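Just so we're on the same page: letters track the sequence lines, and every chain starts at 1. The shown structure was predicted, so the numbers you read here are calculated from the model rather than taken from an experiment.
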Protein chains: 2
Amino acid sequence: MAGVSTATVSRALQSPNIVSEKTRNAVFDAVAETGYSVNTAAQMLRRNRAGTVLVILPDIANPFFSKILSGIEEVATQANLTILIGNTNGEDERFANILENLRNGRADGALLLNGRAPPADLVPDGVPILSISERIDSNTIPHVGTDNVKAAYDATTHLLSMGHRSIVHVTGPQGNSLTKDRCGGYFAAMIDAGLEDEAATIAGGFTFQDGKRVAEILLAEHQSSTAAFCANDESAMGVIRGLQEAGVNVPGEFSVMGFDDVPFAAIFQPELTTVHQARNLIGKRAMETLLAMLENSPAPTGPAFLVHDIVTRQSTAQLLEPQLTGRRIE
Amino acid sequence: MAGVSTATVSRALQSPNIVSEKTRNAVFDAVAETGYSVNTAAQMLRRNRAGTVLVILPDIANPFFSKILSGIEEVATQANLTILIGNTNGEDERFANILENLRNGRADGALLLNGRAPPADLVPDGVPILSISERIDSNTIPHVGTDNVKAAYDATTHLLSMGHRSIVHVTGPQGNSLTKDRCGGYFAAMIDAGLEDEAATIAGGFTFQDGKRVAEILLAEHQSSTAAFCANDESAMGVIRGLQEAGVNVPGEFSVMGFDDVPFAAIFQPELTTVHQARNLIGKRAMETLLAMLENSPAPTGPAFLVHDIVTRQSTAQLLEPQLTGRRIE
DNA sequence: CTGAAAGCGCTTACAG
DNA sequence: CTGAAAGCGCTTACAG
C-alpha cells in the first residue's frame, strides 16, 4: 500500500478530486506498481449496481441484430458499461432464464430485440427496459427503431411513382410486429393512391427460401402484377431468384423491392432497391436512451423513430407500358 | 423466510441433496412465493468466481464471428455461464481495457477471436485463455479452429483435380495468421503437384472490394491462369464480379474458389465453390475446452482442429483445354 | 442435517 | 482531506 487507508484508496480511484494531490499520486503510483484492480463483485455488492446491461435477442448469428449490437456496444463502452448477451433462440423458457439476470443483479437494465413482452413478474420494479427494432405491443415499454409503417408507405409510394399500379406485398412471418407495420404501410399507400382494389398480399417470411416459394405463387396467381414489395431483403432476393429461374427478367419485366438494406443487397444481382435502416444508429440511440433511464431521467414517452431511406438500385424499374414491360433504370 | 437459517437456504439452493427433504421443500416453496433470487454479486465475491467468460472479437457485426459466438453461447448457457462480449475494433487500447475484466473478476476466462496475443501482464496467473479461429503465434495458448494449412491444401488440390495448373492464390490481409496458413497450404499443394513454377499470389484482403481490385490485376497480369483460390468468400465474390464485369464467364472461362462458406456463398451467382468451416462447432468446441480448463482439467496441448469440407458448387469447372476454356459443371 | 459466525473486498456516512 | 467502522448478501469451515 501507499500509506493510506482503503477508504482513501477507494476515494482516490472513484472521485480523484476529493483527495489531496499528494494522496492521489501516491495511490495512483501504488496502483500502477501492483497492477491493482478493483474487485467488481465487491463493488457491485456494495453499490447495488452491476454496471451491465442485458441485451436480449432471438439469434446472435443473425447479422441484422449484430449490427444493432455493435451500435449498442459502442455507447455502452463509452459509458463504461458492460454488455451481457442473452440469446433466446425464440424460446420462452430461455427468455425467462435470461431475464433472471435482472433479478439476481447481474444486469441493471435490458434491451429487448426479440419482440416479446417480458412476463411482468420477471422484471423487478424500477429496472428499465426498452424494446428495439421490433415493437412490443404494450404502451409501457419505450421503443427505439424504424417507423416501419411509414417506411413501408414510402417504399410502396416509390414503386407507385415508377408507374406500377398492381403491386403485391410479400409479408413477413405471421404475428411479428414488423410484418404488421409494414403491411399496414403498404395498404395505406395503396389506398391513398386509390388502388385498394389492386392491393394484394402473399404470406411470406424473412428467409430466402420463403421468397423462392412466393415467386411460384406470384407466377401462378398474380400474372397481372408488375411489382412486389417484400417485407425484407432476404425474401426479396428469394423472389427475384425464383422469378429469374422461371425466365422472368428483373427489373425488365418485374420490379422487386426489399426492406433492411443488408450488406449483401448491394452485391446481389440485380442490386436490390430497398429501404435502408440505420441499424448502427438504432443501437446507439437505444443504448443512449437506456442510459438516461438508468440515471433516473424521466423515461421517454412514445417510440423514438430513426430516419430511414429508400435506396434505389437495380431491381426496380419504371413501368413503361401497362403490363409486364419495364426498362432497366440507371 | 421459511423457518430456517440463511446458511440452510444457501445449502438447499446450491446442493439440494445435503439438506432434508422437508427443509428443501420449505425453502423451495418460500423461494417460489417470494420470487427470491440469489444476489450474484455477493455470490461472486464469496466464491471468487464470476460465472462469466469473456469473448473478445474484433467486430461483433461480422457474421463470421457471430456464428462462432452462437456456438459459444449454446455451450455456455448449458453450463450456466454468462457471456461478456468485448469488441476490440482492432484497437490495442480497447483490447487492453477489455482484458481488465479478467483482473477485476468480472470474467473467469477468455476466448480470443481477435488473433492478437494479450500482453502477458494483463492476464492474471491461472486465468485460462484460448484462441479461436485465428491462431496466436505463441505456443502457450491453446487453440481451436480449422486447420487452415490443410484446408487450403485441399482447396488447391480440388482445383488441380479439375485439370487446372496455372492457379493463382489471392491472399488475405497481411500479417494475419489465416493469410499465412492458407497461403502456406496453397504453396504446399502446388509444390506437391510439381507446379512450383506456376504458383503465384496476388495480395488481396477479406472484402468484396479487395476482390474486385484483384480481378483487374488478374486480367492484366495473369492472362494464362485458369483458376483462382481466394483466401475467403467475400474476396472470391469480388473477384468473380470483377471478372464478370470485364466479360469473363465464371466458371466457363475461369474458375474461382473461396474459403469459409458464408451463407451467401450459396445465393451468389454463380454459387460459390468453397471450403466449409464448421463455425458453430468451432464455437462449441472452444467453449467446451475453456470449460474444462476452468475446472482445472489439464490444459489441452496443441491446437484442436475441426473438420472442414470442400463444397463444390458452380464457380469452378473442369478444365478441358489448356487455357481459358472450361465447361460448367453440374 | 442445521445454525452461528466469519469474511469475501468494496463504499460511504460519520467523525475529526 | 482522511480514517475507523459498518454493512452489502452470500458461502462454508466449524460445532453440535
Side-chain angles (χ1 to χ4, degrees), chain A residues 1-31 33-52 80-82 100-108 124-127 294-296, chain B residues 1-31 33-52 80-82 100-108 124-127 294-296:
Chain A
M1 293 244 186
V4 294
S5 71
T6 59
T8 301
V9 173
S10 174
R11 281 189 276 251
L13 261 27
Q14 306 306 328
S15 339
N17 37 321
I18 69 164
V19 301
S20 72
E21 194 183 329
K22 207 174 115 194
T23 309
R24 193 186 319 138
N25 292 145
V27 172
F28 285 178
D29 288 350
V31 166
E33 204 169 327
T34 58
Y36 168 84
S37 183
V38 301
N39 179 309
T40 310
Q43 200 172 50
M44 280 166 68
L45 177 59
R46 186 51 230 248
R47 289 189 174 166
N48 200 23
R49 267 269 172 144
T52 298
N80 231 311
L81 289 182
T82 259
E100 184 67 11
N101 291 299
L102 259 21
R103 190 170 287 285
N104 68 25
R106 225 188 249 281
D108 304 318
D125 289 344
V127 169
L294 283 167
E295 280 157 8
N296 277 320
Chain B
M1 298 236 191
V4 294
S5 70
T6 59
T8 301
V9 173
S10 174
R11 282 189 277 251
L13 260 27
Q14 305 308 327
S15 341
N17 36 321
I18 70 162
V19 302
S20 73
E21 194 183 327
K22 209 174 113 194
T23 310
R24 194 188 316 141
N25 293 144
V27 172
F28 285 178
D29 288 352
V31 166
E33 204 168 328
T34 58
Y36 168 85
S37 183
V38 301
N39 178 309
T40 309
Q43 201 173 49
M44 279 165 69
L45 178 59
R46 185 53 230 244
R47 290 190 174 166
N48 200 24
R49 266 272 172 144
T52 298
N80 230 310
L81 290 181
T82 258
E100 185 67 11
N101 290 298
L102 259 21
R103 189 171 288 286
N104 67 25
R106 225 187 248 282
D108 304 318
D125 291 343
V127 170
L294 282 167
E295 280 157 8
N296 277 320

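- With sequence neighbours excluded, the residues forming a side chain to side chain donor-acceptor pair (under 3.5 Å) with A:R47 are A:Q14, listed by chain and number.
- In this view, B:T23 and B:S20 satisfy the side chain to side chain donor-acceptor pair (under 3.5 Å) rule, not counting sequence neighbours.
- Partners of B:I18 under the side chain to side chain contact (heavy atoms under 4.5 Å, CB included) rule, at least two apart in sequence or in another chain, are B:R11, B:S15.
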Quiz item: Taking protein heavy atoms under 4.0 Å as touching, what does nucleotides 8-16 of chain D look like 5' to 3' if B marks base contact, S marks sugar-phosphate-only contact and - marks none?
Solution: BBBBBB---
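- Straight-line distance between the C1' atoms of C:dT12 and C:dG16: roughly 16 Å, to the nearest whole Å.
- In this structure, A:T34 contributes its side chain and A:A30 its backbone to a donor-acceptor pair below 3.5 Å.
- When base pairs are accepted only as Watson-Crick or G-U wobble with both N-N or N-O distances under 3.5 Å, DNA chain D takes part in stems of 3 or more pairs at C:1-3 with D:14-16, C:5-12 with D:5-12, C:14-16 with D:1-3.
- Among residues two or more places apart in sequence or in another chain, the side chain to side chain donor-acceptor pair (under 3.5 Å) test is passed with B:T8 by B:S5.
- For A:A26, the side chain to side chain contact (heavy atoms under 4.5 Å, CB included) partners at least two apart in sequence or on another chain are A:A2.
- Annotation: side chain to side chain contact (heavy atoms under 4.5 Å, CB included) contacts of B:N104 (sequence neighbours excluded): A:S37, A:T40, B:E100, B:N101, B:R106.
- Applying the side chain to side chain contact (heavy atoms under 4.5 Å, CB included) test to A:E21 and every residue at least two apart in sequence or in another chain returns A:R24, A:N25.
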